[in-house]
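A quick write-up on the structure given underneath.
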Amino acid sequence: MIKEIEEAIILRNNGMKNESNELLLKLVEKYPSNASILYQCGWSFDILGEETKAVAFYEKAIDLGLPNDEMEGAIIGLGSTYRALGDYEKSKRVFIRGIELFPNNKAIQVFYAITLYNLSDHSNATELLLEVLLETTEDKQILEYERALKFYSKHLDDVWN
């Protein structure tokens, strides 16, 4: 089974997305309760642009439980898929859960900020993006203004006269 999953991933990485998806669907039929296969199948629908089909696979994989690295990917996949489908509240819930489970995963935080933007929560989206930027950058020109950027991230709408 692991060899077949690896084969599907290799197919996907080599641009053979349909073939990868077909193999993963066969594996889902054979192992319907294997969370890793379900996660990979959701991902395969995502990259085919079939987000609606991806949702059920991501949801079931997450419900069954995944190793941390796959769980992080499944949360990003499901949250992003909900966002792409315009279901921003579900996306928000998924990303909040992801941040609770994986508080150091900056990618989840960035995807969550995009969802906040879609919910017209521009201040919190920008604040979060600035925090992630300042925590992860090594750019000296940005870090030179770290103190000011941290301050302004909390006062985006303030005006001083």
Does the plane of the ring in W160 sit parallel, tilted or perpendicular to the ring in F151? Use 30° and 60° as the thresholds. tilted

Indicate the ring-plane relationship of Y117 and H122, choosing parallel, tilted or perpendicular according to the 30° and 60° boundaries. tilted

Can you name the closest pair of heavy atoms from C41 and L25 and give their distance? SG-CD2, 3.7 Å

In terms of heavy-atom contacts, S36 and E70 come closest through OG-OE1, 2.6 Å

Is there side-chain contact between Y58 and Y39, with at least one heavy-atom pair below 4.5 Å? yes

Identify whether L134 and V132 are in the same connected component of the hydrophobic contact network (ILVMFWY, side-chain heavy atoms under 4.5 Å). no

Co-membership, hydrophobic cluster, residues L133 and I99, 4.5 Å side-chain: no

Which heavy atom of A35 sits nearest to which heavy atom of A61, and what is that distance? O-CB, 3.3 Å

Testing L64, D63, I62 one by one against K60 for a side-chain contact (heavy atoms from CB on, under 4.5 Å), which residue passes? L64

Other residues, nucleotides, ligands: >12 heavy atoms within 6.0 Å of E135 CD: yes

Side chain S20, main chain M16, donor-acceptor under 3.5 Å: no

Whether E50 side chain and S44 backbone form a donor-acceptor pair below 3.5 Å: no

same_hphob_cluster(Y112, L130) at 4.5 Å side-chain heavy-atom cutoff: no

Nearest heavy-atom neighbours spanning I5 and L27: N-CD1, 4.0 Å

I want to check something: taking the side chain as every heavy atom from C-beta on, are K26 and E4 in contact at a cut-off of under 4.5 Å? no

Measure the CD1-CG distance between I47 and N18 for me, rounded to the nearest 0.5 Å. 9.0 Å

Atom CD in E100, atom CZ in R97: separation rounded to 0.5 Å? 9.0 Å

S153 and E131: CA distance, side-chain angles, deciding distance, side-chain hydrogen bond (donor to acceptor under 3.5 Å, both in side chains) verdict: CA-CA 8 Å; S153 75; E131 287 174 11; 5.0 Å; no

Would V55 end up clustered with L24 when hydrophobic side chains under 4.5 Å apart are linked, directly or stepwise? no

Do E51 and R83 sit within salt-bridge range, that is, some charged N less than 4.0 Å from a carboxylate O? no

Are W43 and I75 grouped together when hydrophobic residues (ILVMFWY) are joined by side-chain heavy atoms under 4.5 angstrom apart? yes

Return the CG to CD distance between N105 and E72, rounded to the nearest 0.5 Å. 4.5 Å

What pair of heavy atoms forms the shortest contact from S123 to L156, and how long is it? O-CD1, 3.3 Å

Carboxylate-amine/guanidinium contact E146 K150, below 4.0 Å: yes

Test of understanding: with side-chain contact (heavy atoms from CB on, under 4.5 Å), list the residues that count as partners of L119, not counting sequence neighbours. Y88, E89, K92, T115

Quick check for you: to the nearest 0.5 Å, what is the distance between E19 atom CD and I10 atom CD1? 14.0 Å

Any donor and acceptor pair, going by atom type alone, linking the side chain of S80 with main-chain N or O of I76 inside 3.5 Å? yes

D139 and Q141 have their tightest heavy-atom pair at OD1-N, 2.9 Å

If we only count heavy atoms from C-beta on, is the R93 to I96 side-chain gap below 4.5 Å? no

Atom pair OH (Y82) and NZ (K90), whose distance is rounded to the nearest 0.5 Å: 4.5 Å

One should read off an interatomic distance between N21 CG and L11 CG, to the nearest 0.5 angstrom, of 11.0 Å

